[in-house]
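Report on the structure given below.
Sequence lines set the chain letters: A, B, ... in the order given, protein chains first and strands last, and positions in each chain run from 1. Quantities reported herein were computed from a predicted structural model and do not represent experimental measurements.
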Amino acid sequence: MPETNDRREQRLEKLGRLHELGIDPYPPRAEHSHTVAQALAAFDANASQPTQVTVVGRLVSLRVMGGSTFCHIADGTGRIQLYLRRDAVGQEDYENFRRLIDLGDHVWATGTLFQTRSGEITVNTSAWRMLSKALRPLPDKWHGLRDVEMRYRQRYLDLIANPTARDIFITRSKIVSAIRHTLDGWGFMEVETPVLQPIYGGAAARPFTTHHNALDQTFYLRIADELYLKRLIVGGLDRVYEIGHNFRNEGISTHHNPEFTVVELYQAYADYEVIMRLVETLYSTVARTVLGTETLSYQGQEIQLTPPWRRVTMRDAILEASGIDIELVRTLPELCTAAESRGLSLASQPNWGKAVEKLFELTVEPSLVQPTFVIDYPVDISPLAKKKPGAPHLVERFEFFIGGLECGNAFTELNDPIDQRERFAAQVAAGAQGDSEAHPMDEDYIAAMEHGMPPTGGLGFGIDRMVMLYTDQVSIREVILFPALRDRGGDWQEAEDSPQEPRS
RNA sequence: GAGCCGUUAGCUCAGAGGUAGAGCCCCUGCCUUUUAAGCAGGUUGUCGCGGGUUCGAUCCCCGCACGGCUCACCA
């Protein structure tokens with residue numbers, strides 16, 4: 001038997017032994033009669049004949065006791081115990097099992113169901129086969145996989161070892177499915193728009209830049225779907241949505257991943273009031289569908305998603321939290337002075353709108369635990385939203401907040417092409433002043449709008465943050481299967497490999 | 001980008017200025033209803049990397065790398 005200590009070496013030796021015995025360690029098929037869950041359900045203590053089952057799965061525990069062995073196998077539906085006796089399996093196959101099997105291997109087993117002395121439903125195995133030999137060991141059976149970096153880099157190990165991780169991603173899948181089902185039921189049509197865009201836009205963010213060789217042209221990875229979806233509204237697709245990734249070349253944190261999943265939707269002949277009702281209904285419906293309740297528990301706080309949600313203007317929210325009435329300090333210097341007198345510095349902000357937004361973030365945002373629509377934003381930070389009648393310094397826009405997290409953004413869409421051109425021009429000017437997140441001019445988009453765009457309500461919200469709320473997670477990395485991490489050069493794991501590794 | 005903390009066996013972690021430990025894993029033997037199986041025995045480390053102080057550094061000092069958390073920017 002193996003002389004070496006290296007676990008992978010030992011397993012490679014067992015693999016060689018299997019080949020010598022004429023056993024294929026990676027057979028192509030895994031015929032079975034029951035999933036693990038089905039096998040457990042098929043047991044009947046009162047049956048006159050024991051039930052015959054053939055099951056397949058990964059070996060996750062092993063207790064060899066001389067001529068008798070207990071182990072558990074697991075498939076995606078659960079785990080079941082196998083009982084192998086030398087007498088029942090036969091001398092040769094039993095010894096092969098003892099000598100050649102390791103935790104992590106996938107196996108096939110057939111036998112009859114019975115209950116052990118302690119009552120566990122178990123397969124009294126009459127024959128077994130190797131389905132897939134594992135060359136590396138599973139995570140530690142006691143501690144599981146705790147190393148955070150390894151959990152993210154080798155997510156498959158996390159999924160094997162940590163049921164919580166598995167549950168989060170199952171829930172995530174159900175959330176996305178429930179969103180689709182709900183929107184489809186409301187007459188929305190799912191579409192796909194370009195990820196590679198010649199002009200990025202639809203949000204205030206820095207893009208990733210790439211290059212198309214044949215066209216010899218610069219492309220940007222989209223920072224938002226918005227401008228393409230609104231072209232579809234012009235084209236007469238009255239209710240559209242897209243679920244996809246946006247890419248923003250900015251910092252990475254527990255709340256930010258460079259690529260993240262967003263739902264954007266647009267509804268013709270609607271406004272932001274309609275969208276508010278849509279949001280609260282969608283969030284509560286998804287919660288009921290996926291979690292069975294409209295009440296979330298997030299970081300020890302109870303959050304009630306049942307409509308209607310609280311609505312507050314940005315002006316009132318800031319007034320309440322800081323005592324500053326932004327309508328009374330309508331220039332940047334005045335606002336800075338007012339904030340200064342309350343110990344808040346807005347000095348680095350380039351204009352009144354951004355200063356208002358900053359003031360809001362500092363004084364209001366963390367306190368918005370229960371779902372809240374904050375409405376009516378400054379026009380200079382909202383170049384794609386329609387101005388509020390009678391208050392041209394504001395737009396019909398809202399963001400909504402749950403659990404202190406900013407969850408989404410929506411507005412009555414700007415459909416006046418003359419106004420849109422002026423807004424873009426102001427953004428271009430801001431860009432020239434050094435605002436790296438300013439919106440570029442998009443003539444093609446304005447041309448679409450000049451063909452006539454109906455009054456429209458639009459919405460964007462992040463799936464990742466929604467999943468964080470619904471699964472009670474603080475870090476966005478816990479809800480993204482493979483979060484962005486610094487590259488380790490690709491050979492970081494090969495160092496432990498044996499040089500004589502057979503590569504075929 | 002800034003601050004704090006961390007990096008010791010395959011895993012989870014202790015450790016002291018004098019050359020490294022525990023439990024589990026793994027290996028060998030016994031064991032035909034076990035389930036963190038048990039019993040007996042055994043192997044495993046450039047103590048993250050590079051300098052410095054010292055007779056001697058894994059331990060003290062400096063720098064670097066990587067990671068985690070917090071803050072800043074952002075969804």
Side-chain angles (χ1 to χ4, degrees), chain A residues 1-11 13-14 60-72 79-89 94 98-99 102-104 114-122 124 136-153 157 161 202-206 223-224 245-264 345 348-349 354 357-358 361-362 365 399-401 405-409 435-437 460-466 468 474-477 485-489 492 495-496:
Chain A
M1 278 318 283
E3 310 262 313
T4 168
N5 250 330
D6 182 82
R7 282 144 186 80
R8 197 156 167 281
E9 275 301 306
Q10 290 165 351
R11 287 172 182 238
E13 287 182 33
K14 291 179 181 179
V60 292
S61 78
L62 181 61
R63 294 172 295 281
V64 179
M65 298 176 302
S68 140
T69 292
F70 286 90
C71 61
H72 281 91
R79 55 158 56 196
I80 190 169
Q81 183 167 252
L82 306 182
Y83 175 51
L84 291 88
R85 265 183 359 167
R86 184 183 286 135
D87 302 347
V89 176
Y94 186 79
R98 270 187 67 167
R99 303 293 172 187
D102 287 296
L103 291 176
F114 76 109
Q115 265 178 313
T116 61
R117 203 172 276 163
S118 58
E120 180 165 354
I121 297 167
T122 300
N124 189 2
R136 296 180 191 253
L138 291 175
D140 188 271
K141 71 174 175 181
W142 286 10
H143 306 95
L145 186 65
R146 297 249 280 272
D147 183 290
V148 174
E149 185 185 2
M150 203 180 293
R151 288 187 46 233
Y152 298 156
R153 286 191 193 276
L157 295 179
R206 285 149 65 190
I223 58 172
H245 279 198
N246 287 349
F247 305 83
R248 299 191 184 173
N249 206 340
E250 291 164 352
I252 297 177
S253 75
T254 49
H255 290 72
H256 300 87
N257 198 60
E259 59 179 305
F260 58 104
T261 309
V262 164
V263 179
E264 279 199 35
S345 175
S348 60
Q349 301 303 318
K354 289 219 171 191
E357 188 177 41
K358 188 71 194 170
E361 285 168 12
L362 290 172
E365 190 171 319
E399 293 188 315
F400 57 102
F401 299 82
L405 287 175
E406 182 184 341
C407 288
N409 184 22
D435 183 350
S436 61
E437 297 180 345
F461 63 93
I463 292 285
D464 309 290
R465 287 192 179 170
M466 187 177 188
M468 287 166 69
V474 177
S475 171
I476 200 168
R477 293 180 192 153
L485 300 171
R486 188 181 299 274
D487 183 39
R488 305 248 331 241
W492 58 278
E496 69 190 46

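Of the possible donor and acceptor atoms, one in the side chain of A:Asp464 sits under 3.5 Å from a partner among the backbone N and O of A:Thr261.
Mapping A:Asp102 and A:Glu437 onto RNA chain B by nearest heavy atom places A:Asp102 at the nucleotide closer to the 5' end. Position along RNA chain B of the nearest nucleotide to A:Arg477 versus A:Glu361 favours A:Arg477 as the more 5'-ward residue.
Aromatic ring orientation, A:Phe114 versus A:Tyr83: tilted (interplanar angle from 30° to 60°).
The listed nucleotides are B:rC31, B:rG68, B:rU34; the one nearest the side chain of A:Val64 is B:rC31. Looking at the side chain of A:Ser475, the nearest of the listed nucleotides B:rC69, B:rU33, B:rC27 is B:rC69.
Side-chain atoms of A:Thr116 and base atoms of B:rU34 include a donor and an acceptor less than 3.5 Å apart. A donor-acceptor contact under 3.5 Å is formed by the side chain of A:Arg63 with the base of B:rU34. In the interface, the side chain of A:Gln81 is paired with the base of B:rU34 through a donor and an acceptor atom under 3.5 Å apart.
Taking 4.5 Å as the limit, every side-chain heavy atom of A:His245 sits out of range of all side-chain heavy atoms of A:Phe260. Between A:Ile252 and A:Pro258 the shortest side-chain heavy-atom distance falls below 4.5 Å.
B:rG67 is paired with B:rC5 under the Watson-Crick or G-U wobble criterion, all donor-acceptor distances under 3.5 Å. The partner of B:rG45, taking Watson-Crick or G-U wobble pairs whose two distances both stay under 3.5 Å, does not exist in any strand shown.
Within the nucleic acid shown, A:Asn257 comes within 4.0 Å of at least one base atom, counting heavy atoms only. Across all strands shown, A:Asp87 has heavy atoms under 4.0 Å from base atoms, whether or not it also approaches the sugar-phosphate. Residue contacts shown for A:Phe114 include a base, since a base heavy atom lies under 4.0 Å away.
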